Amino acid sequence: MTVAKVIVDVPAKQTDRPFDYLIPEHLEEMIQPGMRVIVPFGPRKVQGFVERLESESSFSSLRKISEPMDLVPVLNKELLDLAEWLSIHTLCYKISAFQAMLPPALKAKYQRKIKLLAAKEVVSEPFHFLFHERSEILWEDALQTVSLSSIQKEVKNGNLEVIYEVQSRANKKKVKHIYSRLDEHELKTALESLNKQANKQRTVIEYFLKHNQSIEQRLLLSELNTSSAVIKGLIEKGILAEQEVEMYRDPYKEREFEKTFPLKLTDEQTKVIQPIHASIHNKEHEVFLLYGVTGSGKTEVYLQSIDKVLKKGEEAIVLVPEIALTPQMVNRFKGRFGDKVAVLHSGLSVGEKYDEWRKIQRKEVQVVVGARSAIFAPFENLGIIIIDEEHEMTYKQEENPKYHAKDVSIKRGMTHNCPIILGSATPSLESFARAQKGVYTLLTLQKRMNNNPLPPVEIVDMREELREGNRSMFSRLLLEKLADRLVKKEQTVLFLNKRGHSSFVMCRDCGYVMKCPHCDISLTYHQYNNLMKCHYCGYEEPTAKICPECSSEHIRYFGTGTQKVEEELTKIMPEARVIRMDVDTTSRKGAHEKLLNQFQDGKADILLGTQMIAKGLDFPRITLVGVLSADTMLHLPDFRSSEKTFQLLTQVSGRAGRHELEGEVIFQTYTPEHYSIELSSQQDYDLFYSREMMIRKSHSYPPYYYITLITVSHEQLTKAVSVTEQITKVVRQKLLPNTVVLGPVASPISRIKNRYRYQCLIKYKQEPNLKTVLKSILDHYQGDISSNGLQISIDVNPFLLM
DNA sequence: AGCACGCCGACT
DNA sequence: GTCGGCGTGCTC
């Protein structure tokens with residue numbers, strides 16, 4: 001007897017364990033660990049993953065696997081183990097871990113239907129219409145016309161049956177090909193027997209006489225300028241036949257990749273690459289922190305390291321932050337390694353992602369360049385993992401499983417005995433501290449490749465501007481430089497990390513601020529549709545002309561978004577051509593690339609944008625970078641806000657003067673004396689690091705302490721508070737005395753979607769029992785979670801404390 | 001997560 | 001006496 005241990009697709013505490021199933025005889029040979037199967041589960045059918053096979057079960061009345069969903073396992077042994085590890089370390093369900101590792105196309109789709117068993121006349125009257133000319137109907141559709149109880153009644157009587165279907169989302173793209181079923185001689189005969197009027201059919205047969213091979217229908221039709229009706233006729237006559245051919249969607253098909261070759265390395269690069277190559281050669285796991293200023297040629301180091309890996313017949317994963325996955329970035333890898341590269345990012349459709357993933361699974365590519373989830377690429381001979389811009393937040397997933405790609409990469413690096421490169425111009429304090437301690441190997445690139453100096457940064461004190469009567473969002477210095485660039489036909493990048501129009505709307509008479517009715521957050525004004533929008537729950541309402549509180553007409557828009565800047569800019573400098581890039585203008589597929597191309601082609605003078613323009617932009621004519629308000633992030637309730645500000649400002653400054661023309665940078669700020677603004681203007685990472693480390697130490701924050709955040713949410717404030725109180729108490733009791741437990745406190749965003757949020761923050765150096773304690777807390781509140789609408793979220797090593 | 005089972009209040 | 005509310009517990 002073979003028993004399959006199956007993890008079912010039911011994300012709940014009680015089902016977070018393997019269930020045993022018998023394997024039907026005819027599948028005995030084919031079912032393997034890592035395959036998806038459809039299994040009966042209670043009254044329904046669900047998708048499940050075979051975790052392992054065993055020869056017996058302690059459970060007596062086993063049910064059978066209904067059918068397999070894969071011919072080949074979608075998870076190999078390593079990934080199955082990795083899922084186990086993930087679920088332990090991030091406290092997530094196994095099934096969530098499996099799903100995080102696979103492309104979304106492999107997630108099951110469920111359909112519930114009701115099926116007519118008896119004759120139509122037997123069921124009650126309302127059903128007659130439903131089952132008119134069909135015997136099955138979707139559950140949701142049925143409920144539109146008949147009541148739940150009437151369905152139940154008919155089911156009880158045996159007239160109806162509820163059936164559950166599991167479908168795969170994965171659809172391989174198929175193309176219709178047409179071929180001839182006859183040989184040359186037969187074709188000629190067919191041609192003669194053709195009706196005189198059948199001119200189109202004649203040309204088709206003549207075509208197949210000339211080229212007797214299978215051809216894609218689409219091509220055939222366009223070549224012969226005919227329609228599918230003609231082909232259909234010939235198929236019916238038995239002359240032609242069609243066949244579905246599976247193919248890949250290739251999002252990069254239409255594009256030419258200019259082949260690039262290894263560049264001659266600078267002395268610094270050579271020095272840096274040696275230990276990496278040694279580690280690849282010796283198959284040693286080692287984590288390198290590649291600390292190199294912007295423009296110092298980190299990418300070339302990556303490329304030549306990958307090249308070495310490929311020559312050994314091994315594979316490489318390159319992670320890039322989502323917003324940096326620009327065509328420019330992809331080009332660099334495709335240009336060097338051609339079709340050995342698969343690309344995985346959120347811009348692809350579900351089908352495209354699936355195809356790229358299959359290329360990896362079928363070993364048709366050796367390199368994958370992708371965002372966070374690409375860390376789970378099913379390679380079996382990994383030779384290197386590279387994480388570019390390792391300090392970026394996007395590597396931490398905020399939903400379950402709340403994993404950090406860096407941790408996963410190190411885990412995989414250990415199993416494959418391969419090196420990891422973490423690259424950054426502004427390493428996270430965690431990584432730099434580990435490098436200082438010798439846990440990671442520090443490699444440094446201090447010089448820019450072209451030996452250009454970093455662009456000089458000028459800080460403008462906006463309070464001063466205000467005092468001298470300039471109330472606009474542009475300082476006089478910035479306007480002056482902008483005008484200068486316009487004359488010189490050079491380009492400017494203006495950076496602002498806020499989309500929309502104004503950040504909030506306030507009544508000047510009574511101070512009323514428009515807030516979301518479901519969340520504790522102010523609404524953001526969006527000019528293009530004249531709506532107030534909540535960025536957390538999506539709530540929208542029309543803009544108010546008078547204050548809802550005191551009926552005053554003195555409603556004012558505060559803060560500045562990209563839209564408003566664009567408006568102002570066109571007012572002040574009507575001759576300047578501006579391209580705005582933010583979530584609103586780049587949401588359409590390909591819009592991002594299109595806007596960048598326009599800018600590159602010199603069709604605009606100013607590129608105005610949010611976060612997304614801080615990275616990867618490398619255009620020779622950019623000589624001015626302006627940061628409109630350098631301190632917007634500084635005052636967020638987050639212990640990393642200084643670090644983030646430093647990183648962002650350094651990053652943005654790096655956009656200027658990367659080529660022959662020298663660049664300049666302007667930071668506008670209300671707090672010019674703040675060390676992260678001052679030190680980023682001097683590009684002094686080392687000093688920033690030591691300043692910030694002192695602060696982290698005195699407040700017991702990472703990297704000195706680990707942190708874990710527990711967030712409790714409930715519709716009732718009192719429930720949220722009391723549960724958090726209890727949790728905090730238990731945590732204090734059960735953890736070590738030198739562990740700091742903060743809370744209960746309201747979350748920085750105290751309410752989202754009508755749920756009150758309270759939290760408890762744990763800071764610890766070493767806490768061997770942490771996972772056990774946290775698990776027992778989740779167990780304890782199991783009842784409230786499943787029936788009472790209580791939610792408890794646990795984030796081990798969170799990036800956002802919100 | 002779903003769904004059945006089961007135990008109490010408001011109706012024919 | 002029955003219909004239907006939702007608390008409890010199970011799914012191999």
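By convention in this document, chain letters (A, B, ...) are assigned in the order of the sequence lines, proteins followed by strands, and residues within each chain are numbered from 1. Predicted model only: the values in this text are computed from it and were never measured.
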Q: Please list, in 5' to 3' order, the outermost nucleotides of DNA chain B lying under 4.0 Å from any heavy atom of chain A.
A: B:dA1 to B:dC3

Q) Atom NZ of A:Lys45 and atom P of C:dT11: how far apart are they, to the nearest Å? A) 19 Å

Q) How many Å lie between CG on A:Asp9 and P on C:dC12, as a whole number? A) 15 Å

Q: Would you confirm whether A:Arg751, through its side chain, and A:Pro517, through its main-chain N or O, come within 3.5 Å as a donor-acceptor pair?
A: yes

Q. Under a 4.0 Å N-O cut-off, is there an ion pair linking A:Asp16 with A:Lys13?
A. no

Q: Ignoring hydrogens and angles, tell me if any N or O in the side chain of A:Gln361 forms a donor-acceptor pair with the backbone of A:Pro73 under 3.5 Å.
A: yes

Q) Base, sugar-phosphate, or nothing for A:Tyr164, non-hydrogen atoms under 4.0 angstrom? A) sugar-phosphate

Q. Could you give the CZ-to-C1' distance, from A:Arg63 to C:dC10, as a whole number of Å?
A. 12 Å

Q. Just checking A:Arg112: base, sugar-phosphate only, or nothing, at a heavy-atom cut-off of under 4.0 Å?
A. sugar-phosphate

**Q.** Contacting residues from residues 30-44 of chain A, given that a heavy atom lies under 4.0 angstrom of DNA chain C
**A.** A:Pro40, A:Phe41, A:Gly42

Q.
Rounded to the nearest 0.5 Å, what separates atom CD in A:Gln32 from atom CG in A:Leu71?
A. 10.5 Å

Q) With no hydrogens and no angle check, is any side-chain donor or acceptor of A:Ser96 less than 3.5 Å from a backbone partner on A:Cys92? A) no

Q: Mind calculating the distance between CD (A:Glu56) and C1' (C:dC12) to the nearest angstrom?
A: 15 Å

Q | Between C:dT11 (P) and A:Ile95 (CD1): distance, integer Å | A | 19 Å

Q: Quickly work out the A:Tyr21 OH to C:dC12 C1' distance and round it to whole Å.
A: 5 Å

Q. Any idea how A:Tyr403 and A:Phe376 line up, ring-wise: parallel (<30°), tilted (30 to 60°), or perpendicular (>60°)?
A. perpendicular

Q.
Rounded to whole Å, please give me the gap between CD in A:Glu51 and C1' in C:dC12.
A. 14 Å

Q) Would you say A:Arg757's side chain and A:His714's backbone share a donor-acceptor pair under 3.5 angstrom? A) no

Q | Length of the line joining A:Gln14:CD and C:dC12:P, which is rounded to integer Å | A | 14 Å

(Q) Salt bridge or not between A:Lys396 and A:Glu398? Use side-chain N to carboxylate O under 4.0 Å. (A) no

Taking distance alone, no hydrogens or angles, what donor-acceptor pairs closer than 3.5 Å link side-chain atoms of residues 33-50 of chain A to residues at least two apart or in another chain?
{"from": "A:Arg36", "atom 1": "NE", "to": "A:Asp70", "atom 2": "OD1", "distance (Å)": "3.2"}
{"from": "A:Arg36", "atom 1": "NE", "to": "A:Asp70", "atom 2": "OD2", "distance (Å)": "2.9"}
{"from": "A:Arg36", "atom 1": "NH1", "to": "A:Leu106", "atom 2": "O", "distance (Å)": "2.8"}
{"from": "A:Arg36", "atom 1": "NH2", "to": "A:Asp70", "atom 2": "OD1", "distance (Å)": "2.8"}
{"from": "A:Gln47", "atom 1": "NE2", "to": "A:Leu106", "atom 2": "O", "distance (Å)": "3.4"}

